[in-house]
Q: 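The structure is given below, and queries will be raised subsequently.
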Amino acid sequence: MSTIQFNSDIAEGNNEVRIAFYANLGFFIETVQVLEYNLHKLYSYHLAVTEIEEKGVTKQNIIDICKKHDNSYKKTYTKKWTLGQMKDKLAELNVLQNDVIAAFKDINDYRNLIVHKLFQNNLVCHEFSNAENVAKYMQEKLLPMTNIVVECSRMVAKIITAYSDDLHAYKRQFGIPYEGA
């Protein structure tokens with residue numbers, strides 16, 4: 001049997017709204033983590049493919065550059081680059097259009113609100129004690145922002161696939177094995 005824990009002061013008297021709220025919060029956090037993961041991959045793929053194209057498509061360049069950027073990918077995790085930092089790094093590289101970077105900023109700001117302020121603010125104003133307010137918040141803020149995150153992550157995944165296809169084509173030219181080959 002599963003146990004669900006939550007604050008019973010949220011959506012008082014309406015378990016359905018309360019559970020939906022917590023489930024949607026969890027899903028939002030999950031989608032943001034997937035986006036952040038994808039941004040780490042995009043950053044490293046972009047650096048690798050760009051450097052190969054600048055330095056020349058030779059077997060040794062491909063091997064050296066891929067190794068270097070595999071390490072840069074790991075560095076993004078060991079140095080704990082956050083969504084905000086990844087957004088800034090990608091903005092510096094001009095990988096994505098400004099409106100996409102702005103969407104990442106909005107997502108990061110909203111994620112920070114959810115994680116750091118939402119429940120603190122509720123301790124003061126008790127707005128989320130009312131189930132109607134919780135339902136309205138989900139419909140007007142949480143679900144739309146989650147949908148934006150999902151769409152951004154899908155877009156980033158498509159860009160990663162394009163970079164990956166380029167990288168695999170370069171490796172195939174020289175018989176260099178790659179993941180999934």
Side-chain angles (χ1 to χ4, degrees), residues 1-47 72-164:
M1 180 169 164
S2 297
T3 301
I4 300 174
Q5 292 186 311
F6 47 76
N7 179 347
S8 60
D9 293 335
I10 302 293
E12 285 181 12
N14 192 325
N15 280 341
E16 185 176 311
V17 170
R18 182 182 310 117
I19 291 169
F21 177 66
Y22 279 105
N24 283 303
L25 277 176
F27 185 62
F28 171 76
I29 297 300
E30 176 188 345
T31 61
V32 172
Q33 287 304 111
V34 169
L35 175 62
E36 185 176 308
Y37 170 80
N38 283 338
L39 293 181
H40 286 263
K41 286 178 68 173
L42 174 60
Y43 176 77
S44 297
Y45 270 111
H46 171 78
L47 291 177
S72 73
Y73 174 74
K74 291 173 188 166
K75 182 178 85 172
T76 67
Y77 282 99
T78 58
K79 295 200 175 201
K80 299 180 181 174
W81 289 4
T82 63
L83 175 62
Q85 289 170 308
M86 292 310 306
K87 167 199 61 82
D88 292 343
K89 295 289 184 186
L90 291 167
E92 290 171 13
L93 294 174
N94 290 317
V95 175
L96 302 165
Q97 295 177 342
N98 290 337
D99 60 333
V100 175
I101 297 296
F104 293 159
K105 181 186 182 318
D106 292 344
I107 291 164
N108 190 51
D109 290 347
Y110 187 70
R111 192 263 324 257
N112 288 339
L113 170 79
I114 292 287
V115 171
H116 300 292
K117 299 282 185 200
L118 186 73
F119 294 104
Q120 290 175 7
N121 291 344
N122 191 57
L123 288 173
V124 175
C125 69
H126 307 286
E127 180 125 356
F128 286 168
S129 296
N130 181 307
E132 289 178 20
N133 291 345
V134 174
K136 182 178 177 184
Y137 181 82
M138 280 192 298
Q139 291 301 314
E140 293 179 2
K141 302 267 186 185
L142 183 57
L143 296 176
M145 187 57 80
T146 302
N147 291 335
I148 290 168
V149 176
V150 169
E151 288 306 310
C152 285
S153 199
R154 285 181 183 154
M155 179 214 44
V156 169
K158 287 178 184 177
I159 297 168
I160 292 168
T161 298
Y163 278 127
S164 177

Q: Report the distance from atom NZ of Lys105 to atom CG of Asp88, rounding to the nearest 0.5 Å.
A: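 Taking NZ in Lys105 and CG in Asp88, the distance rounds to 9.5 Å.
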
Q: Between side-chain atoms of residues 17-30 and protein atoms elsewhere (two or more places apart, or another chain), which donor-acceptor pairs fall under 3.5 Å?
A:
from	atom 1	to	atom 2	distance (Å)
Arg18	NE	Ile10	O	2.6
Arg18	NH1	Asn15	OD1	2.2
Arg18	NH2	Ser8	O	3.4
Arg18	NH2	Ile10	O	3.4
Arg18	NH2	Ala11	O	3.2
Tyr22	OH	Asn7	N	3.3
Asn24	ND2	Ala20	O	2.8

Q: How far does CD1 of Ile107 sit from OG1 of Thr146, to the nearest 0.5 angstrom?
A: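 Going from CD1 on Ile107 over to OG1 on Thr146, the span is 9.5 Å.
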
Q: Please say whether more than 12 non-hydrogen atoms of neighbouring residues, nucleotides or ligands are located less than 6.0 Å from CG in Asp99.
A: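 Yes, enclosed.
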
Q: So which heavy atom on Asn38 is nearest to which on Ser153, and how close?
A: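 Scanning both residues completely, I find the closest heavy atoms to be ND2-OG, 2.9 Å.
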
Q: Without placing hydrogens or testing angles, list every side-chain donor-acceptor pair under 3.5 Å for residues 133-145, not counting sequence neighbours.
A:
from	atom 1	to	atom 2	distance (Å)
Asn133	ND2	Glu127	O	3.1
Tyr137	OH	Tyr110	OH	2.7

Q: Report the residues that fulfil ring pair (Phe, Tyr, Trp, His ring centres under 6.0 Å) with Phe119, sequence neighbours left out, ordered by chain and then residue number.
A: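 Expected list: none.
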
Q: Working to the nearest 0.5 angstrom, can you tell me the gap between Met155 CE and Ile160 CD1?
A: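 Answer rounded to 0.5 Å: 9.5 Å.
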
Q: Examine distances only and state if a side-chain atom of Glu36 and a backbone atom of Leu83 form a donor-acceptor pair shorter than 3.5 Å.
A: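 Yes, Glu36 side chain to Leu83 backbone: donor-acceptor pair under 3.5 Å.
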
Q: Flag the pair Arg111 / Ile114 as yes when at least one side-chain heavy-atom distance between them is below 4.5 Å, and no otherwise.
A: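 No, side chains not in contact.
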
Q: If the plane angle is over 60° it's perpendicular, under 30° parallel, otherwise tilted; pick one for Tyr77 and His40.
A: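 Ring orientation of Tyr77 relative to His40: parallel.
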
Q: Could you measure the distance from the OG atom of Ser129 to the CG atom of Asn14? Nearest 0.5 Å is fine.
A: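 Interatomic distance, Ser129 OG to Asn14 CG, rounded to 0.5 Å: 12.5 Å.
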
Q: Could you grab the distance from atom OG of Ser72 to atom NZ of Lys79, nearest 0.5 Å is fine?
A: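 With rounding to 0.5 Å, OG (Ser72) is 11.5 Å from NZ (Lys79).
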
Q: Could you check whether any side-chain heavy atom of Ile159 comes within less than 4.5 Å of a side-chain heavy atom of Tyr45, counting everything from C-beta outward?
A: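 With C-beta onward as the side chain, the pair stays apart.
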
Q: Contact between Phe104 and Leu35 at the side-chain level, heavy atoms closer than 4.5 Å - yes or no?
A: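 Yes, at least one pair of side-chain atoms sits under 4.5 Å.
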
Q: Should we count OH of Tyr37 as having more than 12 external heavy atoms under 6.0 Å?
A: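 Incorrect, the count does not exceed 12.
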
Q: Do Leu93 and Leu47 have side chains that get closer than 4.5 Å, going by heavy atoms?
A: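 Result yes, sub-4.5 Å side-chain heavy-atom pair found.
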
Q: How many angstroms lie between atom CG of Leu39 and atom OG1 of Thr76, to the nearest 0.5 angstrom?
A: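 Leu39 CG to Thr76 OG1: 10.0 Å, rounded to 0.5 Å.
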
Q: Under the side-chain contact (heavy atoms from CB on, under 4.5 Å) test against Val149, which residue among Val32, Asp106, Val34 passes?
A: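 Answer after filtering Val32, Asp106, Val34: Val32.
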
Q: Within the 4.5 Å heavy-atom criterion, are Leu113 and Asp109 side-chain neighbours or not?
A: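 No. Closest side-chain heavy atoms not under 4.5 Å.
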
